[in-house]
Number of protein chains: 2
Amino acid sequence: MNVTIYDVAREANVSMATVSRVVNGNPNVKPVTRKKVLDVINQLGYRPNAVARGLASKRTTTVGVIIPDISNVFYAELARGIEDIATMYKYNIILSSSDENEDKELQVLNTLLGKQVDGIIYMGEKITDQLQEEFDRSPAPVVLAGAVDLENKLASVNIDYLEATKSAVKRFADNGRKRIAFVSGSLEEPVNRELKLEGYKQALKEAGLSFDESLIVESDYNYDAGVKAWQELSKLAQKPDAVIASEDELAIGILNAALDEGVNVPEELEVMTSNNTKLTLMSRPQLSTIVQPLYDIGAVAMRLLTKLMTNEEVDERTVILPHSEKLRGSTKQ
Amino acid sequence: MNVTIYDVAREANVSMATVSRVVNGNPNVKPVTRKKVLDVINQLGYRPNAVARGLASKRTTTVGVIIPDISNVFYAELARGIEDIATMYKYNIILSSSDENEDKELQVLNTLLGKQVDGIIYMGEKITDQLQEEFDRSPAPVVLAGAVDLENKLASVNIDYLEATKSAVKRFADNGRKRIAFVSGSLEEPVNRELKLEGYKQALKEAGLSFDESLIVESDYNYDAGVKAWQELSKLAQKPDAVIASEDELAIGILNAALDEGVNVPEELEVMTSNNTKLTLMSRPQLSTIVQPLYDIGAVAMRLLTKLMTNEEVDERTVILPHSEKLRGSTKQ
DNA sequence: TTGAAAGCGCTAACAA
DNA sequence: TTGTTAGCGCTTTCAA
């Protein structure tokens, strides 16, 4: 049998309540008593049972993190920021993969709430109506990290995806590019359709370039999808002379596929990506990119969540972090 | 107030025990009763409280995962295997970063045990004596994933690192390479010193090549460390004509640094890495590599842990998965 | 500054 | 097949 608070109390000749106070750093304990209790705790090797504590106090100091794919570096870097700040505030993280699958997301959310997490961090692009409903009735506060809620009902931390994309595309236009391709994830996802694609369109318009549907590719967030995307683009009668990709693995797939075809980068083709994960340094040429402060997005999201969980005053539930651009070999400076 | 099992019982005119039976799929319930209870559950939106359940049953269906760095693709791919199998067996995962820091590892382990996890998966290379002690007295079973315990006290899943390294180095020798460099993480870590380096030495010996200390570089598991490692190696009077690196980011750093110096790969320099993460496809040329079944290592480790947690018979606590080699552009075939 | 005691929501004998 | 009841280990009033 494990040693419990009761064992400590008996051994130290105090009540459970006093032991509890000592363990929880309650100041209302005489120093002598505290020392006595602490000694017994060490001697017995007592370790508080967080489950019992959770049941009694209704706080588990655990937050649920819903992540589409942990092996995607974008999400992994967000997760690092989340984890660090969680640790700083003494929370633990239950990490659950959603695989971008709606049913699994709902199910995962339910399990998390059943485990009485104090809060939820959601990464992932699409928030279905049903998910939104569940979030609404969730007893635990929810924060989106690196994701947007166009209806602004949920707390979230991200960057201005429209402006970021627009500015990247504008740069291409300023460099004299005429056939700028846009490769993103599913356009059913609001962030892609309403923000990134919209930014792309606005930039084209302002540069006096016409919109060409065939330069828009709905792809997926992995390397192979990038290779396929390029194969599709290079079949065009008028090939693109620039590509903006919404994710780094995808971008490297595009870049490498083009290089393997003998395309000269950045002379004939400029490539820009969107996340500035460490992958952008690993390609040759290295990838120019929109800079999202990934670690910070995760960290700020978690910090925001801690405030929500402890009912602290929060002045802004939608945090837009600054973005920038980093130019490397895949674009002309 | 949340709806509890008691509310359901009252509303359905049965006892708590019956509700509990229905929720837990206990067959000893009359179908009519079951339906009645299920209806009330739906109607009230009852969701079992896993914390209370954990306290009463002494099982939390949660496992702790200690990971050095979630943003390292090697660990992330292991984690995916772990998570998938955990989900399959209805376990959740508390993910905790250790940052390869001994104190943090101990502290994280303690927190995890306080949360009454049913089991622990540990990734990370070095198991200090103190950590080993804690594992020994842990009430929850422990499995190492992608890590070795040379003393064979802990359950673990990995590959034969000695043979894998030996065979890769032998290949270099067979290709006529004479100056084969070995770049790994800290040689204080048993897996590097006793297995990988040992395999390297054995291969050299069998090939009749002499061991040269200056070709051994203790590095770190990231891109910049790889760049530095190459800078060191290229300063040698007699430069290496092949490199075996123990981690993929590291390998890409080496590869790119060499390429940037104008070294011809694979003609002048062959590079081989060890993990076959998806990163190996992203470099140009693509990296030849030892193939570790990363996802499987994670998956098998988790599966093994489920057995340990439910006291199932386990015939082999040390699982050595098969490895192979994948040759790509960074080596001559 | 301390203690007594009533839960927290559930499981698991045990009895019926 | 169902119900009763005693915990699980802790927090949290409330009273002293």
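All chains are named by letter (A, B, ...) in the order of the sequence lines, taking the proteins before the strands, and each is independently numbered beginning at 1.
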Inset, instruction - Determine the contact category for A:Val14: base if any of its heavy atoms lies under 4.0 Å from a base atom, sugar-phosphate if only primed atoms, P, OP1 or OP2 are that close, otherwise nothing. - result: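 Sugar-phosphate only.
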Among [options], the nucleotide that comes nearest once only the side chain of [X] is considered:
X	options	value
A:Ser15	D:dC10, C:dG3, D:dG3	C:dG3
A:Lys58	C:dC8, D:dG9, D:dT2	C:dC8
B:Met16	D:dG9, D:dT11, C:dT11	C:dT11
A:Pro48	C:dC10, D:dC10, D:dG9	D:dC10
B:Ala17	D:dT4, C:dC10, D:dT11	D:dT4
A:Asn49	C:dG3, D:dG9, D:dG3	D:dG9

Inset, instruction - Flag the pair A:Glu105 / A:Asp99 as yes when at least one side-chain heavy-atom distance between them is below 4.5 Å, and no otherwise. - result: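 Not in contact.
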Legend entry - A:Ser97 side chain to A:Asp69 backbone, donor-acceptor under 3.5 Å: no
Tell me the interatomic distance from [X], atom [atom1], to [N], atom [atom2], rounded to whole angstroms.
X	N	atom1	atom2	answer
A:Gln116	C:dC8	CD	P	14 Å
B:Asn26	C:dC14	CG	P	16 Å
B:Asn24	C:dG9	CG	P	17 Å
A:Arg59	D:dC10	CZ	P	17 Å
B:Leu55	C:dA12	CG	C1'	13 Å
A:Tyr6	C:dA5	OH	P	12 Å
B:Ile5	D:dG3	CD1	P	12 Å

Inset, instruction - Using a cut-off of strictly less than 4.0 Å between a heavy atom of the residue and any atom of DNA chain D, enumerate the qualifying residues of residues 34-43 of chain B by number. - result: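 The answer is none.
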Given [N], is OP1 or OP2 found less than 4.0 Å from the side-chain N or O atoms of [X]?
X	N	result
B:Thr18	D:dT1	no
A:Asn28	C:dT2	no
B:Ser57	C:dC10	no
A:Tyr46	D:dC10	yes

Inset, instruction - Please tell me which of B:Asn13 and B:Ala56 maps to the more 5' nucleotide of DNA chain D, matching each residue to the nucleotide holding its nearest heavy atom. - result: B:Asn13
Legend entry - Ionic contact status for B:Asp7 with B:Arg10, cut-off 4.0 Å: yes
Inset, instruction - Have a look at B:Leu106 and tell me which of B:Leu131, B:Asn101, B:Thr111 forms a side chain to side chain contact (heavy atoms under 4.5 Å, CB included) with it. - result: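 Result: among B:Leu131, B:Asn101, B:Thr111, B:Leu131 is the only option passing the side chain to side chain contact (heavy atoms under 4.5 Å, CB included) with B:Leu106.
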Legend entry - Rounded (10°) bend between the five-pair end axes of the helix from C:dT1-D:dA16 to C:dA16-D:dT1: 30°
Inset, instruction - Would you kindly check whether a donor in the side chain of A:Arg21 faces an acceptor in the base of C:dG3, or vice versa, at under 3.5 angstrom? - result: yes
Inset, instruction - State yes or no: are the ring centers of B:Phe135 and B:Tyr122 separated by less than 6.0 Å? - result: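 Under 6.0 Å, so yes.
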